[in-house]
Asks: 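Submitted below is the structure of interest, expressed as structure tokens.
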Number of protein chains: 2
Amino acid sequence: MESLQQLFGRFLALPQESQNKLESILTEKTLQKGELWIQEGEICDKIGFIERGLMRSFYYKDKKDITISFSTKGEFISSMSSFISRMPSYESAEALEICQVIEFQYDQLMPLLIEDRHVAYLYQRILEQNYIELEEHLIFSKFKSAKERYLELMETKPYIIHKASVGQIASYLDMSLETLSRIRATI
Amino acid sequence: MESLQQLFGRFLALPQESQNKLESILTEKTLQKGELWIQEGEICDKIGFIERGLMRSFYYKDKKDITISFSTKGEFISSMSSFISRMPSYESAEALEICQVIEFQYDQLMPLLIEDRHVAYLYQRILEQNYIELEEHLIFSKFKSAKERYLELMETKPYIIHKASVGQIASYLDMSLETLSRIRATI
DNA sequence: CAAGATTATTGATCAAAGGCAAAAAATCAG
DNA sequence: CTGATTTTTTGCCTTTGATCAATAATCTTG
């Protein structure tokens, strides 16, 4: 594992002592392709930091699964609303390929937030980051045509194409898989 | 003004000292109907707490204005992404009726976050709350039909009907104003 | 209160994307 | 390698809601 310093570098610089505290509570986990990391219906008690691999968050609508987001190396992943509210998660998360994830447990992280204001600030930054990404996605999905949404995804996250199915990508882009297939045919 | 204790009661109980600090930096403002409170293009340097009245956040797409959210008594309002990122806001906010708003300025609030962990926690809670609401709206708007979206709004925020125009509500519900008008005719 | 302006409703038509079904291609297992 | 399964593509038809246009209702203001 790289140092936490490197890992979180893009978020903020943590004092050594805070890093040590975080390191004392983290656990590393390897996920196999297809492995479920967050299970719908359970209270999500962890935040993950992806060191390697691509993950997908999704939920079930009728019997189809709908992709909420893709998360990759260098990003945090959780069912934030469940983690925050302590209610059962309506979303699941799975590994789309072999993944390496650093986990922080709610019960261990929360005391640290109270004890160490640098860690609290890190958490604040994660929340802020998540908020902004969610807002961008909302606007993105609301005000672009099907084709524009696909093109933008190609632009920003091209690596997803090879690892997720047409159906998984289509539901993320809020269109049917047939529509996505047709769009791809025109490009 | 009621005490901050009462105001923030639904969020959390603050120690008296933290309340005093917050009270020392807040300012109260009365907004006239139609008055702009956040201006698109400017960096949003404040968070408001609505004591009275109904407000609307929106932005411009082509030349039409699109409602992002309605906020009412007991809720916080800001252009969170601008407040967080210190980038110009793409959204504006206006009063739909006479409003009473408590304002907290960025430059005064941020030092307090560092100085006082209870205030930092309040801010964390506001972020969390905003996040969850945004997520709910995303799912809400993504997976319901036009009619279902309208019915749900009626259910959860019926007071909006009398204070916002059909066009303002329609853009919030992501449909044309004609469609909303037709839906209303069938109920 | 009346004329003008704004906002809401209704009608007619159109386009984007969805649903279903079948064919084609890719992937997997033995 | 080959048959079976899954995934993707394509064709056809339908549906939802958008757009354009005209009329009706409501609000403003002199």
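To find a chain, count down the sequence lines: A is the first, B the second, and so on, and within it residues start at 1.
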Asks: Tell me: CG of B:Asp65 to C1' of C:dT6, nearest whole Å?
Replies: 15 Å
Asks: Do other residues, nucleotides or ligands put more than 12 heavy atoms under 6.0 Å from the CE atom of B:Met87?
Replies: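 Open: at most 12 neighbouring heavy atoms sit under 6.0 Å from CE of B:Met87.
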Asks: Would you kindly give the CZ-to-C1' distance between A:Arg184 and D:dT10, to the nearest whole Å?
Replies: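 Value for this atom pair: 15 Å.
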Asks: What's the shortest heavy-atom distance between B:Ile169 and B:Leu180, and which atoms?
Replies: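 Closest approach of B:Ile169 to B:Leu180: CG2-CD2, 3.7 Å.
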Asks: Please list all pairs passing the salt bridge (Lys or Arg N to Asp or Glu O under 4.0 Å) test where one or both residues lie in residues 154-173 of chain A, with sequence neighbours left out.
Replies: A:Glu97-A:Lys163
Asks: So does A:Lys21 pair up with A:Glu17, basic N to acidic O under 4.0 Å?
Replies: yes
Asks: Please tabulate, one pair per line, each protein N/O and nucleotide N/O from nucleotides 22-30 of chain D that are separated by under 3.5 Å, including the distance.
Replies:
none

Asks: Mind checking what makes side chain to side chain donor-acceptor pair (under 3.5 Å) contact with A:Ser57, not counting sequence neighbours?
Replies: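 In terms of side chain to side chain donor-acceptor pair (under 3.5 Å), with neighbours along the sequence ignored, A:Ser57 is linked to no residue.
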Asks: Is NZ or CZ of B:Arg86 both nearer than 6.0 Å to the six-membered ring centre of B:Tyr106 and within 45° of the ring axis?
Replies: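 Yes, B:Arg86 and B:Tyr106 form such a contact.
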Asks: Find every protein N or O atom lying less than 3.5 Å from an N or O atom of nucleotides 15-19 of chain D, and list the pairs.
Replies:
| unit_1 | atom_1 | unit_2 | atom_2 | d |
| --- | --- | --- | --- | --- |
| D:dG17 | OP1 | B:Ala146 | N | 2.9 |
| D:dA18 | OP1 | B:Ser176 | N | 3.3 |
| D:dA18 | OP2 | B:Ser176 | N | 2.9 |
| D:dA18 | OP2 | B:Ser176 | OG | 2.9 |
| D:dA18 | OP2 | B:Thr179 | OG1 | 2.6 |

Asks: Looking at B:Tyr60 versus B:Phe58, is the centre-to-centre ring distance below 6.0 Å?
Replies: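 Yes - the distance between ring centres of B:Tyr60 and B:Phe58 falls below the 6.0 Å cut-off.
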Asks: Starting at atom CD of B:Gln168, determine the distance to atom C1' of C:dT7, rounded to an integer number of angstrom.
Replies: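 Result: 11 Å.
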Asks: Side chains of A:Ser89 and A:Glu40: donor-acceptor distance under 3.5 Å anywhere?
Replies: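 Not at all, the side chains of A:Ser89 and A:Glu40 share no donor-acceptor pair under 3.5 Å.
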Asks: Is it the case that B:Ser92 and B:Gln39 place a side-chain donor and acceptor less than 3.5 Å from each other?
Replies: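 No donor-acceptor contact under 3.5 Å links the two side chains.
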Asks: Check every strand shown and say whether B:Ser165 touches a base, only sugar-phosphate, or nothing at a heavy-atom separation below 4.0 Å.
Replies: sugar-phosphate
Asks: Please give, in whole Å, the distance from C:dT7 P to B:Ile169 CD1?
Replies: 13 Å
Asks: So do B:Gln129 and B:Phe76 actually touch side chain to side chain, heavy atoms under 4.5 Å?
Replies: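 B:Phe76 vs B:Gln129: side chains apart.
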Asks: For B:Asp45, check salt bridge (charged side-chain N to carboxylate O under 4.0 Å, His left out) against everything at least two apart and list the hits.
Replies: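 With neighbours one apart ignored, the set is empty.
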Asks: In degrees, rounded to 10°, what is the bend between the two ends of the helix from C:dC1-D:dG30 to C:dG30-D:dC1, using five pairs at each?
Replies: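 Here the local axes at opposite ends form an angle of 50°.
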